[in-house]
Amino acid sequence: MSDLFDDFQFKPHFGHDGDLKGFTLTDFNGHKHYFYDSGAYKGVKIKNDFTGGSDYFDSGNHHLGHTIKDINNHDFMNADGSLGHTPKMFDIKDPNFHNAVHDHFSNYRSNLLSQIR
């Protein structure tokens, strides 16, 4: 259920304290687009089937780098070849998202069942 809900929609993401962190959108090619909390475009993450990682591009379509297997505590190779970490602008994981989706549909189902009776 959650996989279907996650795909192909403009999703808001919230932090632990409920503040809006930004939005994501997965397109039909599987590319994940990132947006600031204002809705402005940040960039895109594209899975790279050849390397098994992902390539990252900013809003101007400039290549930022790609994920790599952990080397000396670094998991990202910048476009200039230096090692680093995934750019923070792409880190908007929402720890509460799936619980909120479950609660929404659970409440919706309960309301429908009560109306049917």
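- Leu83 is listed as a side-chain neighbour of Met77, based on a closest heavy-atom distance under 4.5 Å.
- Summarising the geometry of Phe76 relative to Thr86, their closest heavy-atom pair is CB-N, 3.6 Å, with the distance given to 0.1 Å.
- For Asp37, there are no side-chain hydrogen bond (donor to acceptor under 3.5 Å, both in side chains) partners two or more places apart in sequence or in a different chain.
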Solution key, residues 64-71 side-chain donor-acceptor pairs under 3.5 Å, sequence neighbours excluded:
| unit_1 | atom_1 | unit_2 | atom_2 | d |
| --- | --- | --- | --- | --- |
| Thr67 | OG1 | Ser54 | N | 2.7 |
| Asp70 | OD1 | Asn73 | N | 3.2 |
| Asp70 | OD1 | His74 | N | 3.1 |

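- Under the ring pair (Phe, Tyr, Trp, His ring centres under 6.0 Å) criterion, Tyr36 pairs with no residue at all, not counting sequence neighbours.
- Not counting sequence neighbours, Asp49 has no partner by the side-chain hydrogen bond (donor to acceptor under 3.5 Å, both in side chains) test.
- Across every non-hydrogen atom of Lys11 and His13, the tightest pair is O-CD2, 3.4 Å.
- Partners of His33 under the side-chain hydrogen bond (donor to acceptor under 3.5 Å, both in side chains) rule, at least two apart in sequence or in another chain, are Asp27, Tyr41.
- Residues forming a side-chain hydrogen bond (donor to acceptor under 3.5 Å, both in side chains) with Ser38 (at least two apart in sequence, or on another chain): none.
- Although no hydrogens or angles enter the test, the distance criterion places a donor-acceptor pair under 3.5 Å between the side chain of Asp58 and the main chain of Gly60.
- Take Asp80 and apply the side-chain contact (heavy atoms from CB on, under 4.5 Å) test, not counting sequence neighbours, and it matches Asn78, Ser82.
- Side-chain contact check for Phe57 versus His63: some heavy-atom pair is nearer than 4.5 Å.
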